[in-house]
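To start, the structure itself, in C-alpha cells.
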Amino acid sequence: MPQQFWLMKSEPDVFGIETLAAQPAQTTAWDGVRNYQARNMIRDQMKRGDLAFFYHSNCAEPGIVGIVEIVREAYPDATAGNPTSEYFDPKHSVDNPRWFVVEVQLQRRLKQTITLAAMKDDPALAEMPLVRRGNRLSVMPVTAAEWQHILSLE
DNA sequence: GCCAACGTTGGC
DNA sequence: GCCAACGTTGGC
C-alpha cells in the first residue's frame, strides 16, 4: 500500500506538540480515541510509514503545528482496560478489545502554525472534513494533493 | 462561556 | 428499529 496521509487532533492543554517532543524517542501511543469512525481508521488503515499532521484543537489558535510518522500499527489501547483511567471502558477487554492505538513519532515541528482559519480560506482545501461545519472527527484522512498543498502554506 | 453539530444511549 | 434526551466536541 502506498504511503497515506492523515490529520490527528489533540488538545494542547491535554497533550500538545511540546509534550510529544518531550517523550522518549519523541514517540507516543495515540490513546484515548473513543469514536468508532476514528477507531476504524486507526485499527484498519493506518500503516507504518504513513505521515500525519499534528493538529491543535480547542485552543486559541487551532491549526497544524507539526508532522508525525506512524511508527507502530494498531494494538489495543491500554487505557481502555484501566479502571483508574479517564478513558476506561468496561466493555473493552483483553479478549475482545474495542479500542486501539497506533504509535506516532515526531518528525518535525512546523516553522509556523498553519491555522484552521487559513485552511478555511483556501479553496484547494474545501473538501477536507476539517473545514466542514460541525466536523468532530479526531482522526481523518488527507489526500496526497491536500498534503502537498498544506505544506506549501508553511 | 456559548452554542451548533454530532454521536451515543436507552426507553418503547 | 425509532427517536428523544443527553453528553461531547470544538470553533468562536
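The chains referred to below are lettered A, B, ... by the order of the sequence lines, with proteins before strands, and numbering in each begins at 1. Every value quoted in this text rests on a predicted model; they were computed, and no experiment measured them.
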Does either side chain, that of A:S93 or that of A:D95, offer a donor lying less than 3.5 Å from an acceptor on the other one? no
A:D13 CG to C:dT9 C1': how many Å, rounded? 14 Å
Return the value, rounded to whole Å, for the distance between atom CG of A:L7 and atom P of C:dG10. 11 Å
Take atom CD of A:Q37 and atom P of C:dT9, then tell me their distance rounded to the nearest Å. 15 Å
Taking the inter-plane angle between the rings of A:W147 and A:F53 on a 0 to 90° scale, is it parallel (under 30°), tilted (30 to 60°) or perpendicular (over 60°)? parallel
Please check if any side-chain donor atom of A:Q4 sits under 3.5 Å from a side-chain acceptor atom of A:D50, or the reverse. yes
Nucleic acid contacts of residues 78-93 of chain A, taken as heavy-atom distances under 4.0 Å to DNA chain C: none
In this structure, would A:L151 and A:V131 fall into the same cluster of hydrophobic residues linked by side-chain contacts under 4.5 Å? yes
Minimum heavy-atom distance A:A74-A:I42, with the two atoms named: CB-O, 3.5 Å
Please produce a list of atom pairs where a protein N or O lies less than 3.5 Å from an N or O of nucleotides 3-7 of chain C.
{"residue": "C:dG7", "atom": "N2", "partner": "A:R136", "partner atom": "NH1", "Å": "3.3"}

Is any side-chain N of the basic residue among A:R132 and A:E127 closer than 4.0 Å to the acidic one's carboxylate O? yes
Passes ring pair (Phe, Tyr, Trp, His ring centres under 6.0 Å), A:Y36 versus A:W99? Steps please. CA-CA 9 Å; A:Y36 287 104; A:W99 304 113; 4.9 Å; yes
Rounded distance (Å) that lies between atom C1' of B:dT8 and atom CG of A:N35: 10 Å
Nearest whole angstrom, please: distance from the C1' of C:dG11 to the CE of A:M119. 13 Å
Please check the phosphate of C:dG11 (OP1 and OP2 only) for any side-chain N or O of A:Y55 closer than 4.0 Å. yes
If we ignore angles and hydrogens, is there a donor and acceptor under 3.5 Å between the side chains of A:H149 and A:D122? yes
Is it true that A:E86 and A:R34 make a salt bridge, defined as a side-chain N closer than 4.0 Å to a carboxylate O? no
Its dot-bracket string being built from Watson-Crick and G-U pairs below 3.5 Å, with | for another strand and [ ] for crossing, DNA chain C has the pattern ||||||||||||
Atom-pair distance (NE2 on A:H56; P on C:dG10), nearest Å: 13 Å
Go through C:dG11, C:dG10, B:dT8 for me and flag the one nearest to the A:K9 side chain. C:dG10
Could you tell me the separation between the CD atom of A:E11 and the P atom of C:dC12, rounded to a whole number of Å? 15 Å
Quick one: on DNA chain B, does A:N58 or A:G134 contact a more 5' nucleotide (nearest heavy atom)? A:N58
Could you check whether A:E154 pairs with A:R108 (Lys NZ or Arg NE/NH1/NH2 to Asp/Glu carboxylate O, under 4.0 Å)? yes
Using whole Å, report how far CG of A:L137 lies from P of C:dG10. 9 Å
N/O donor-acceptor pair under 3.5 Å between A:T28 side chain and A:L20 backbone: no
